[in-house]
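All values below were derived from every heavy atom in this structure, side-chain atoms included, with hydrogens, water molecules and symmetry-related copies excluded. Whatever order the structure lists them in is the order used to number ligands and atoms, beginning at 1.
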Amino acid sequence: MTGLERLNKKALATDQGAIRTMFDKAAKMENVISMGIGEPSQDTNLAICRAAADALMSGKTHYAPNAGVLALRRAISRNGFILKDFFDPEGEIMVTNGGMGAFALIMQVILEPGDEVLIQDPQYLNFEKTVSYCGGVAVPVPTTFESGFCMDAEEIRRRYVKGKTKMLIINSPNNPTGEVAPEEKLREIAKAAVELDLLVLTDEVYGTLLYDGAKPFSIASFPGMKERTIVVNSFSKAYAMTGWRLGYVAGPKGIIDRMTKVQEYFNSCINTPAQYGAVYALEHPEFAEEIRVQFEERRKIALDGFSSVKGIVTNVPKGAFYLFPSIKGTGMSSTEFCNRLLDEARVVCVPGNAFGECGEGHMRVSYSGKCEDIIRAIERIRNFCEKI
Ligand SMILES: Cc1ncc(COP(=O)(O)O)c(C=O)c1O
């Protein structure tokens, strides 16, 4: 008996994502530079660590409320979202196990089997996976390099099916493209969402990482949106706190109430001392700004480097820490290019088609690593592209 025969169909259908597959392959090789992972290379600011350690040492070692420590929910309301003091810390906000923990709870309380969720293509892989694991059907909304990989309201309307389409997911700044949706485009999308009576999940985890004068903006601020929008955010990228597993979510009271109840049965609550560290982080937004400035420098190095690589044309996105260059000029598919790049040049990038059909012909480049690694990786990519 292997145990597999006892598993349900959903578990059996779950496979490893393309990003992990690439890492597993790279882990068996030597001298590899990664531009694959979406994780800040910086350690968490020591003052934030100290605040969590102080909480631990002063007896904050017990269960926290299911929705999160109230001091943290208040700090989140004040300073954690693009929209300041917009959500009520007592009822409209809860703390989750990372942004990913927020998706899991959202999908569990909202989706009925067969409900359709519109998601842009290319998209962050976990959206599709959590939707389908919770019984929903992810419906891709195609986007193009030329339009900055931003969804068009008309494409959303075209894919809407009355009685089936329940939710729309927005992610700006975006993973995997780094693009920031223009305010005008978001206004059109908001109009369509109100007209079609859709719930909107807006993932704003990269909301502090903006460059070239891009302004933070949330779709939740348009008329008629607050009552239908669930905003997901996280400490992972903004404060370099990926390992802390701290995210948060705001939305209509009825939805947050049910998510809090489901949290009780699945996780009980989120790590208590970590939540006190997070309060300190939100009281010091200058830490997030420091990180943004560091990424701004890395972005410049990456864009300068790619501007002269044969066969590669990159987008110039204004957010997050990703580029999504076209590799069509090399004549290879995304998978072939990224596999050969790893085998022959020892650089990890993620094939664009891992994020959806519209990602074919592209690769995701993460410039979240150290400056010297970005420089060395692009030099290797340049040599590889000269050779092929
Ligand atoms: C778009 C997007 N949303 C959410 C997350 C989740 O981050 P975490 O669970 O670490 O908060 C990620 C992580 O890569 C992401 O890229």
> Counting both backbone and side chain atoms, is some N or O of Asn175 under 3.5 Å from an N or O of ligand 1?
Replying inline: yes
> Hey, which atoms in ligand 1 end up nearer than 4.0 Å to a heavy atom of Gly99?
Replying inline: 8 (P), 9 (O), 11 (O)
>> Checking contacts here: is it the side chain or the backbone of Phe103 that comes within 4.0 Å of ligand 1, counting heavy atoms only? Could be both or neither.
In response: side chain
> Looking at Phe384 versus Phe337, is the centre-to-centre ring distance below 6.0 Å?
Replying inline: yes
> Nearest to atom 5 (C) of ligand 1, what protein heavy atom do you find, and at what distance?
Replying inline: Tyr124 OH, 3.4 Å
> Closest heavy-atom contact between Phe87 and Ser77?
Replying inline: O-OG, 2.8 Å
> Which ligand 1 atoms are under 4.0 Å away from a heavy-atom of Asn171?
Replying inline: 1 (C)
>> Check whether Ser334 reaches the backbone of His362 with its side chain - one donor and one acceptor, N or O, closer than 3.5 Å.
In response: yes
> Do the side chain of Arg73 and the main chain of Val95 share a donor and acceptor less than 3.5 angstrom apart?
Replying inline: no
>> Looking only at distances, can you tell me whether any N or O atom of Phe127, backbone or side chain, sits closer than 3.5 Å to an N or O atom of ligand 1?
In response: no
>> Counting non-hydrogen protein atoms only, what is the nearest one to atom 3 (N) of ligand 1? Give residue, atom name and distance.
In response: Asp203 OD2, 2.5 Å
>> Please state which option from Ser366, Ser368, Ser234, Gly101 has its nearest heavy atom closest to atom 11 (O) of ligand 1.
In response: Ser234
> Got a donor-acceptor contact below 3.5 angstrom from the Lys60 side chain to the Met57 backbone?
Replying inline: no
>> Do the side chains of Arg382 and Glu386 get close enough for a salt bridge, i.e. N-O under 4.0 angstrom?
In response: no
>> For Ile301, is there any backbone N or O sitting under 3.5 Å from a side-chain donor or acceptor partner on Asp304?
In response: no
>> I need the atoms of ligand 1 closer than 4.0 Å to a non-hydrogen atom of Gly98, numbered in the order shown.
In response: 9 (O), 11 (O)
> Does NZ or CZ of Lys226 come closer than 6.0 Å to the centre of the six-membered ring of Phe86, within 45° of the ring's axis?
Replying inline: yes
> Should Ser236 be counted as touching ligand 1, given the test is an N or O pair under 3.5 Å?
Replying inline: yes
>> Can you check which of Glu204, Arg245, Lys237, Met241 brings a heavy atom nearest to atom 14 (O) of ligand 1?
In response: Lys237
> Do any nitrogen or oxygen atoms of Met100 lie less than 3.5 angstrom from nitrogen or oxygen atoms of ligand 1?
Replying inline: yes
>> Geometry only, no angles: is Tyr206 polar-contacting ligand 1 at N/O separations under 3.5 Å?
In response: yes
>> Tell me which one of Thr229, Ile255, Ile169, Leu168 satisfies side chain to side chain contact (heavy atoms under 4.5 Å, CB included) with Leu199.
In response: Ile255
